[in-house]
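The structure under discussion appears below in the form of structure tokens.
Please read all numbers here as calculations on a predicted model, not as lab measurements. To find a chain, count down the sequence lines: A is the first, B the second, and so on, and within it residues start at 1.
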Amino acid sequence: MTIHLEEDGETCRLAIEGEMSIYEAADHKNGLFERLEGCREMVLDLSGVGELDSAGLQLLLMLKREAEAGGKRLQLVNHSQAVYAVLELLKMEQHFGDPMVIPAEWRTP
Amino acid sequence: MGKTIMIVDDSASLRQVVGIALKGAGYDVIEASDGKDALAKLTGQKIHLIVSDVNMPNMDGITLVQEVKKLPQYRFTPIMMLTTETESDKKAQGKAAGAKAWLVKPFQPPTLLDAVSKLVLP
Amino acid sequence: MTNDPREAFVQEVDELLEAMESALLSLEETPEDPELLHTLFRAMHTIKGTAGVFGFDPIVDFTHRVEGVVDGLRSGERALDEPLIAILLSCRDHTLALVQAVLEGEDPSQVSADLLGRGQQLLDRLCPEPVGDLTAPVASAPDGYGAAKVEKLAGREAADDYWIISLGFGPDALRNGMDPLSFLRYLGSLGEIVDIATRTDRLPPLADFDPESCYLSFQIGFQSDADKATIEGVFQFAEDDCEIDILPPRSKIEEYLALLDDLPEAQVQRLGEILVKIGALTEKEVAQALAAQAADQASARPLGEILVGRHDIQRSIVEQALDKQEKSKSRVAQEGRYIRVDALRLGQLITQVGELVINTAAMRVAVQRRDTDDLQEVVERVEALVGDIRDNALQLRMVQIGETFSRFRRVVRDVSKELGKEIDLVVTGGETELDKTVVEKLNDPLTHLVRNAMDHGIETPQERLACGKPAKGTLQLNAYHDSGRILVEIRDDGAGLDPQRIRAKAEARGLVEPERNLTPQETFRLIFEPGLSTKDEASSLSGRGVGMDVVRRNIEALRGSIELDSQPGQGTKVSISLPLTLAIIDGFLVGAGGEQYVIPLAQVAECVEIGREQALTHGDRHHVNLRGEVLPYLRLKEFFGIRSGAARKLRESLVVVRVGHAKVGLIVDELHGELQTVIKPLGRVFENLKGVAGATVLGTGDIALILDVQQLTALLQAHPQPQAVSGRH
């Protein structure tokens with residue numbers, strides 16, 4: 001479920017709660033791209049993402065592409081461990097250009 | 001977070017052996033004795049993989065796949081069918097219905113674990 | 001043909017080690033020759049592999065380590081120098097020792113601690129420092145994700161040492177529950193994902209974007225010991241929903257190439273089969289490529305091209321596999337011409353053919369007695385055929401002497417190092433053929449002669465330079481055919497023999513009277529007398545004083561003869577003359593007391609008529625005075641105890657036979673002349689009969705005994721009146 005936190009015309013702050021899997025992908029798509037349309041900067045809080053699968057990842061990649069195409073800024077913040085694990089697996093930690101706070105216990109040995 | 005696997009087979013002993021192996025590897029396991037029983041148990045909880053026999057009383061595996069694909073909450077759940085070498089027509093039917101993973105019976109628990117972990121790691 | 005696979009193993013090992021030794025010796029000249037290096041590699045690699053099948057662990061462990069070093073030589077990581085060649089030669093010997101120990105021991109997985117210790121010492125010398133960790137991970141590029149990374153991964157034909165896996169997922173993958181991330185996680189459990197590029201170039205415009213469809217592709221640099229089929233297996237469930245290309249890493253390519261080399265050439269296989277066998281392709285990949293080929297018959301592209309085009313495999317592997325296929329074809333064509341046959345069976349065949357010859361002769365006589373022309377004609381034809389069969393059968397056992405000669409490369413190399421001499425071995429006439437049984441018995445005398453030449457003949461480099469010769473001495477082995485015999489020469493350009501010293505020594509030992517005049521030739525012959533060694537102190541190699549007379553006896557046992565010629569300061573030449581085969585003899589037929597005897601022609605010095613006045617008797621010793629030379633003699637008739645009523649003739653025929661330099665006379669009744677005949681071994685009945693080497697059946701059907709001249713001479717020297725059967729006076 002996408003939770004709308006705050007919108008001031010310039011910056012849209014969103015938090016995703018629950019899973020980002022194929023089951024939610026259609027819903028997320030509708031919510032996210034609509035919001036992106038109406039703002040200059042999007043801050044996406046991923047702290048509540050319990051599971052991220054390829055559909056969810058694909059959605060994030062698409063979001064970034066669209067943001068860049070529209071000259072907008074996309075910021076992913078507060079990555080959950082599930083999100084971090086996927087980005088680490090794909091060695092994409094740097095891809096979204098966002099700083100990540102990684103608690104020591106997440107790191108795979 | 002543990003991943004949940006549903007094992008559907010009319011042989012209770014097979015379910016038991018497979019169940020022990022999967023639990024040992026760190027999965028949560030739900031057992032069902034046939035297609036009908038499986039559908040009845042698909043009630044809201046998250047299931048990451050369904051491992052199902054083809055030939056079962058009440059509802060066979062192929063029908064189960066077709067039914068699962070109709071359930072919004074489970075339609076994208078991977079399904080692995082257990083079959084014998086001779087059932088190539090069943091395999092084609094199952095694949096058409098959307099069960100892409102197959103394991104040939106008889107198998108040893110490590111083989112099943114290996115196949116399962118390609119789709120879902122515990 | 002042998003049924004015990006262990007025997008076949010021993011034979012294989014022998015051949016491989018032989019080849020390895022040859023290669024090592026040649027590598028002294030051309031240390032970088034890839035063919036030769038490969039021969040080393042192949043020897044160790046193949047022995048390791050086969051020993052593994054048998055569970056001969058000590059052999060596997062040892063050859064594995066040596067193989068590793070040789071592989072480093074092949075790849076140029078390490079250079080081959082003389083000390084290393086010496087160690088590798090020792091490793092080769094040790095391998096042989098291990099094989100023998102393992103086959104003789106009770107538990108093939110164990111050998112004595114002593115042997116293991118020696119192996120370890122060799123290995124320590126072989127790689128004094130631990131070999132670098134080849135499996136250390138390749139540092140992954142710091143750059144993250146993006147076009148550059150994709151380029152880097154895509155444009156590489158395994159420039160780095162990892163697998164390149166390309167995955168292009170189809171739109172339905174996610175809907176089917178096939179999550180790419182799951183496969184990647186699992187892949188990570190088989191090895192290390194060194195680098196990965198996630199490609200999004202297939203993502204459509206937003207309007208067309210279906211969030212449940214998959215648009216992702218991945219390019220992965222993967223490091224793993226897993227084989228191609230295992231890696232392909234990771235994605236088995238995605239096969240309907242994913243395009244998969246797996247390119248092996250460089251080290252794998254080398255492994256495949258090595259495996260390709262090791263594939264037996266005995267069988268021609270299809271390209272796909274070859275590549276699947278070495279693990280370079282999976283069966284699925286071949287099936288897909290074949291399907292593509294079938295679908296596009298118009299362009300008639302070869303399978304190899306299709307495979308390379310599909311990025312299933314590197315071009316270099318396909319090329320090598322095609323090359324291998326070609327080799328197998330010619331090998332199979334050629335191999336059809338050779339089969340391995342048990343030497344015993346061949347021997348049996350030759351014996352039976354010999355019997356056949358004899359029986360044909362007997363038949364001929366029987367037919368002649370009946371005087372029927374038509375039968376005679378048949379017999380003549382049969383006889384001609386049997387003669388051909390005999391020649392062919394004997395031909396079967398003919399082998400080239402070159403193999404025996406090349407064994408001496410090692411001897412020459414080792415001994416010259418030990419002696420601090422520089423010696424070149426020049427081998428000529430290696431293609432000359434002779435009977436295998438003769439070759440086998442020639443080995444010992446040849447070894448002795450070769451060692452002698454190096455020990456006593458060729459001087460040290462300093463001595464050679466001092467007398468104006470090149471520092472490097474030359475030892476020559478040569479063989480050629482000459483009128484039905486084979487001549488083997490061992491020639492050195494050393495100091496030569498000093499006739500005066502030989503003479504002095506021979507006189508001191510009482511081998512020659514001081515007043516006798518000897519030609520240089522005759523003087524040199526003294527060297528073959530028992531108890532004469534020219535070197536004052538015996539070396540470890542030769543000159544123990546048991547040398548040359550034993551050599552001569554060995555050669556004479558082969559019905560051969562040996563001659564020596566030497567020029568002081570110029571060198572020495574030893575010539576050995578041998579019959580081509582032991583199964584056929586050139587003989588001289590004589591008659592005595594109504595019986596017929598064959599004297600080996602090589603040992604007949606001359607035939608003369610003597611008058612009674614020439615035959616002398618000193619006490620009970622018979623001597624004959626032949627042109628001033630006094631020879632002991634015996635009457636063949638008396639020797640064989642034949643009583644014949646015929647009175648002694650006034651003049652008798654004397655056959656002078658020679659064994660080395662001893663001559664004796666045999667008095668016979670008739671001289672029939674030369675003949676070539678097949679030797680038939682004597683049965684047990686004749687075991688106690690002295691002076692007889694065998695028997696043969698003459699064209700007349702009569703049996704003739706073949707005289708053992710050597711034994712006769714010895715008997716005659718020991719007893720005044722010897723008898724063929726003792727106690728029958």
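Neither the backbone nor the side chain of C/D179 comes within less than 4.5 Å of any heavy atom in chain B. Neither the backbone nor the side chain of C/D172 comes within contact range of chain B; no heavy atoms are under 4.5 Å apart. Contact annotation for B/A99: neither backbone nor side-chain heavy atoms come within less than 4.5 Å of a heavy atom of chain C.
B/R75 has its side chain within reach of C/E212: a pair of non-hydrogen atoms, C-beta onward, lies under 4.5 Å apart. B/M80 places a side-chain heavy atom less than 4.5 Å from the side chain of C/F237. Contact annotation: the side chain of C/L174 never approaches that of B/F76 to less than 4.5 Å [non-hydrogen atoms, C-beta and beyond].
In this structure, C/E243 places its CD atom where only 12 or fewer heavy-atom neighbours from other residues, nucleotides or ligands lie under 6.0 Å away. Within a 6.0 Å sphere centred on CD of C/E239, heavy atoms belonging to other residues, nucleotides or ligands number more than 12.
With rounding to the nearest 0.5 angstrom, the OG atom of C/S182 is 9.5 Å from the CG atom of B/L49. C/D240 CG to B/K95 NZ: the interatomic distance, rounded to the nearest 0.5 Å, is 3.5 Å.
The two residues B/P78 and C/G177 come nearest to each other via the heavy atoms CB-O, 3.3 Å. The two atoms that bring C/N176 and B/K69 nearest to each other are CA-NZ, 4.2 Å, heavy atoms only. Across C/V234 and B/K118, no two heavy atoms sit closer than the pair O-CD, 3.7 Å.
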message: Between C/M178 and B/L119, is the side-chain contact (heavy atoms from CB on, under 4.5 Å) condition met? List the steps.
response: CA-CA 7 Å; C/M178 300 296 125; B/L119 298 168; 3.6 Å; yes
